[in-house]
J.: 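Before anything else, here's the structure in question.
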Amino acid sequence: MSTPSGPDGVTLEDMTEADLPVVARLEASLFGAEAWSQDLLAAELAAASGGDRRYVVARGPLPVPGEREDARGAAGAESRILGYAGMWVGDGAGDADLLTIATIPQARRRKVASRLLTELMDTARRAGCRAVLLEVRASNAAAQSLYATHGFTRIGLRRRYYQAPQEDAVVMRALLRPAPAPVGS
């Protein structure tokens with residue numbers, strides 16, 4: 001599945017096996033010691049064929065420093081993976097879990113992460129999930145702000161959840177549909 005290119009030339013596509021080497025390199029550079037290995041990423045992508053999870057990549061041009069942008073995006077820019085994200089939806093009867101979301105530094109503040117998150121929240125909604133849960137480093141104010149913009153609220157804290165470096169995780173949740181009313185109400 002692919003979403004149409006926006007005015008910035010960014011498209012969202014389902015992650016493929018061919019994307020794994022690039023995503024694994026990005027994962028290592030963005031998450032350091034806590035990065036998922038290429039083997040783990042491959043196992044997750046293979047599990048996505050079962051329908052209980054989905055991984056997407058954002059592709060688009062990166063502006064070349066010093067060049068003016070034309071109406072199609074950055075002139076002369078190469079299209080590449082700008083970000084990726086994954087979500088587990090299970091059987092759709094419960095809450096979905098945002099497993100990962102990341103953008104390269106050069107693509108930040110371009111709404112790439114917002115588009116990835118919106119796409120996966122729509123996936124969870126279509127699957128029938130009632131909410132999406134996630135964990136985010138307590139120090140990552142930018143990500144927490146992004147999530148709040150998408151309706152996530154803080155519901156808890158997981159002490160020492162992250163190990164490299166050790167840090168608490170803020171647990172956030174966004175409702176996708178109202179909970180059913182009690183029987184007989």
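Any value given below was found using the heavy atoms of this structure, including those in side chains, with hydrogens, waters and symmetry copies removed.
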J.: Minimum heavy-atom separation for G86 to L98, with atom names?
T.: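 In this case the closest contact between G86 and L98 is O-CD1, 3.5 Å.
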J.: Can a donor-acceptor pair be found, under 3.5 Å and without considering hydrogens, that links the side chain of Q144 to the backbone of A138?
T.: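 Yes, the answer is positive, given that a donor and an acceptor are paired below the 3.5 Å cut-off.
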J.: Would you call P165 and R137 a side-chain contact if the rule is heavy atoms closer than 4.5 Å?
T.: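 P165 reaches R137 side chain to side chain.
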J.: Quick one: pull up CE in M172 and NE2 in H150 and give me the separation to the nearest 0.5 Å.
T.: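 Taking CE in M172 and NE2 in H150, the distance rounds to 11.0 Å.
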J.: Could you walk me through whether R115 and T118 pass the side-chain hydrogen bond (donor to acceptor under 3.5 Å, both in side chains) check?
T.: CA-CA 5 Å; R115 288 184 59 192; T118 297; over 6 Å; no
J.: Are M87 and L99 linked, directly or through other ILVMFWY residues, by side chains that come within less than 4.5 angstrom of each other?
T.: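 Yes, M87 connects to L99 through the hydrophobic network.
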J.: Atom CG in L20, atom OH in Y55: separation rounded to 0.5 Å?
T.: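 That separation rounds to 10.5 Å.
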J.: Would V22 end up clustered with V57 when hydrophobic side chains under 4.5 Å apart are linked, directly or stepwise?
T.: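 Cluster IDs for V22 and V57 match.
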J.: Rounded to the nearest 0.5 Å, what separates atom CG in L175 from atom CZ in F152?
T.: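 These two atoms lie 10.0 Å from each other.
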J.: With the side chain counted from C-beta on, respond yes when D52 and D91 share a heavy-atom pair under 4.5 Å apart, and no when they do not.
T.: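 Heavy-atom side-chain distance check fails, nothing below 4.5 Å.
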J.: Side-chain heavy atoms under 4.5 angstrom apart, residues restricted to Ile, Leu, Val, Met, Phe, Trp, Tyr: same cluster for Y161 and Y147?
T.: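 The answer is no; the residues belong to distinct hydrophobic clusters.
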J.: Looking at T103, is its backbone amide N or carbonyl O close enough to the side chain of R108 to form a donor-acceptor pair, meaning the two atoms are under 3.5 Å apart?
T.: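 Here the side-chain-to-backbone pair exists.
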J.: Do the side chains of S114 and T149 get nearer than 4.5 Å, heavy atoms only?
T.: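 No - every pair of side-chain heavy atoms lies 4.5 Å or more apart.
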J.: Do V10 and R110 come within less than 4.5 Å of each other through their side chains, counting heavy atoms only?
T.: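 Heavy-atom side-chain distance check passes, below 4.5 Å.
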J.: Hey, what do you get for CG (L41) to CD (E17), rounding to the nearest 0.5 Å?
T.: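 That separation rounds to 12.0 Å.
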J.: In terms of side-chain geometry, is the basic nitrogen of D122 or R54 positioned less than 4.0 Å from the acidic oxygen of its partner?
T.: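 No, this pair does not count.
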J.: Given L82, which partner from the list I104, L116, L26 fulfils the side chain to side chain contact (heavy atoms under 4.5 Å, CB included) test?
T.: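 That would be I104; it is the only one of I104, L116, L26 passing the side chain to side chain contact (heavy atoms under 4.5 Å, CB included) with L82.
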J.: Hey, is the main chain of Y162 close enough, under 3.5 Å, to the side chain of E167 for a donor-acceptor pair?
T.: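 Answer holds: no.
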J.: Show your working on side-chain contact (heavy atoms from CB on, under 4.5 Å) between E44 and D39 and close with a plain yes or no.
T.: CA-CA 9 Å; E44 279 291 307; D39 289 342; over 6 Å; no
J.: So which heavy atom on A58 is nearest to which on L12, and how close?
T.: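 It is CB-CD2, 3.6 Å.
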J.: Would V171 end up clustered with L117 when hydrophobic side chains under 4.5 Å apart are linked, directly or stepwise?
T.: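 In one cluster with V171: L117, no.
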J.: Donor-acceptor pair, distance only, cut-off 3.5 Å: does the side chain of S145 make one with the backbone of A141?
T.: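 Answer holds: no.
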J.: Minimum heavy-atom separation for A164 to A33, with atom names?
T.: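 So the two residues come closest at CB-CB, 3.5 Å.
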J.: Where do A96 and C129 come nearest, in terms of heavy atoms and distance?
T.: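 In terms of heavy atoms, the two residues are closest at CB-SG, 3.9 Å.
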J.: With a 4.5 Å cut-off on side-chain heavy-atom distances among I, L, V, M, F, W and Y, is there a chain of contacts connecting I155 to L176?
T.: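 I155 does not cluster with L176.
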J.: Is it true that R173 and D95 make a salt bridge, defined as a side-chain N closer than 4.0 Å to a carboxylate O?
T.: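 A salt bridge links R173 with D95.
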J.: More than 12 non-hydrogen atoms from neighbouring residues, nucleotides or ligands closer than 6.0 Å to CD on Q163, yes or no?
T.: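 For Q163, atom CD is crowded (more than 12 foreign heavy atoms under 6.0 Å).
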J.: Look up atom CG in L30 and atom CZ in R25, then write down how far apart they are to the nearest 0.5 Å.
T.: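 Answer rounded to 0.5 Å: 12.5 Å.
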J.: Would you check if the side chain of D168 reaches a backbone N or O of R160 as a donor-acceptor pair within less than 3.5 Å?
T.: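 Between the backbone of R160 and the side chain of D168 there is a qualifying donor-acceptor contact (under 3.5 Å).
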J.: What's the shortest heavy-atom distance between P21 and A18, and which atoms?
T.: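 What the structure gives for the nearest pair is CD-O, 3.5 Å.
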J.: Between A124 and V132, what is the shortest heavy-atom contact and its length?
T.: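 Between these two residues, the closest heavy atoms are CB-CG2, 4.0 Å.
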J.: Any chance you could measure L134, atom CG, to I101, atom CD1, to the nearest 0.5 Å?
T.: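 Going from CG on L134 over to CD1 on I101, the span is 9.0 Å.
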J.: Where do E13 and R59 land on the side-chain contact (heavy atoms from CB on, under 4.5 Å) test, with the steps shown first?
T.: CA-CA 8 Å; E13 302 169 5; R59 293 187 200 284; 2.7 Å; yes
J.: Within the structure provided, determine whether T100 and E27 are in side-chain contact (heavy-atom separation under 4.5 Å).
T.: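 T100 vs E27: side chains touch.
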